[in-house]
Amino acid sequence: MRVYEELFIVKPDAPDEEVDGFVDQIKQVITSGKGTVDKVDKWGVRKLAYRVSKYNEGAYILVVFSSGPELVHEVERRMRVTDLVIKFITVRVDEKQKKIDKRKKARDKRAARRPAPQVAAPAMPGAGGPGAPGGPGVEHALPGQPVAGHPAGPAPGAPAPVSGAPAATPAAPSPVVVGEPAGGKE
């Protein structure tokens, strides 16, 4: 058996008793044709994207059912001959589910062929040479605090200094003496 969704739009001015009677009739056609009704969902009156049979809005109803393909023809025939229905569409859902399952199976197969990523064991505190975490020569600081041996600039992700705020002063130029020749005294 295949799974289908039947979405149909009925006239917005149709009485609820008439709509319920039609939905019951569709359910009876499905069950008598050896199918099963999985879900009936009334979405209520909604505005249509474009004018259909002089209507700007319609009541949407979704019926999810499982059956053979010959039963779908009978349900669609009933939709066509009923004046209550202004638009309908039937979608086979299990076809999409097959494709999803096939992709998932292929993905799992590729993942099984790939070797598991090697995870390095965490280093012991105090072990390791210079520059190693916890080793000699490296001081740890809190985020935003300068570390010895590193320039004291803004931390990564910190906001840039404001243009009116004093900036770090560059190294002072060497003093220049005016009036003396470059070669010394004469």
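Note that these values count all heavy atoms, side chains included, but never hydrogens, waters or copies made by symmetry. We number each residue from 1, following the sequence as shown.
Residues S67 and L71 come closest through the heavy atom pair CB-CD2, 3.4 Å. Looking at every heavy atom in both residues, A14 comes nearest to L84 through CB-CD1, 3.3 Å. Of all heavy-atom pairs spanning K11 and I86, the tightest one is CG-CG2, 3.8 Å.
In this structure, OG1 in T82 is found 8.5 Å from CZ in R77, a value given to the nearest 0.5 Å. One finds the CD1 atom of I30 at 11.5 Å from the OH atom of Y4 (value rounded to the nearest 0.5 Å). Note that CD1 of I89 is 11.5 Å distant from CG of L62, once rounded to the nearest 0.5 Å. Residue R2 holds its CZ atom at 4.0 Å from CZ of R92, rounded to the nearest 0.5 Å.
Few gaps surround CG on D13; more than 12 heavy atoms of other groups in view lie less than 6.0 Å from it. The neighbour count for D108 CG, taken as heavy atoms of other residues, nucleotides or ligands under 6.0 Å away, is above 12.
Side-chain contact check for V40 versus K27: some heavy-atom pair is nearer than 4.5 Å. L7 places a side-chain heavy atom less than 4.5 Å from the side chain of W43. Side-chain contact between F22 and V85 is present, with heavy atoms from C-beta onward closer than 4.5 Å. In this structure, S66 and D38 have side chains that are in contact, with non-hydrogen atoms separated by less than 4.5 Å. Looking only at side-chain heavy atoms (C-beta outward), F8 and V63 come within less than 4.5 Å of each other. Counting heavy atoms from C-beta outward, R80 and F88 have side chains that approach closer than 4.5 Å. Side-chain contact between M79 and E6: present, with at least one pair of heavy atoms (C-beta onward) separated by less than 4.5 Å. Looking only at side-chain heavy atoms (C-beta outward), Q25 and R78 come within less than 4.5 Å of each other.
Note: the hydrophobic cluster containing V91 also contains Y60 (ILVMFWY, side chain heavy atoms under 4.5 Å, direct or indirect links). The cluster map of Ile, Leu, Val, Met, Phe, Trp and Tyr, joined by side-chain heavy atoms under 4.5 Å apart, puts M1 and V37 in different clusters. F65 and V19 fall within a single hydrophobic cluster, where Ile, Leu, Val, Met, Phe, Trp and Tyr are joined by side-chain heavy atoms under 4.5 Å apart, directly or via other members. Placement of V64 and I61 in two distinct hydrophobic clusters is found when ILVMFWY residues are connected by side-chain heavy-atom separations under 4.5 Å, directly or transitively. The hydrophobic cluster containing V23 also contains V72, counting ILVMFWY residues as joined when their side-chain heavy atoms lie under 4.5 angstrom apart, directly or transitively.
With 3.5 Å as the limit, one finds a donor-acceptor pair spanning the side chains of E76 and T90.
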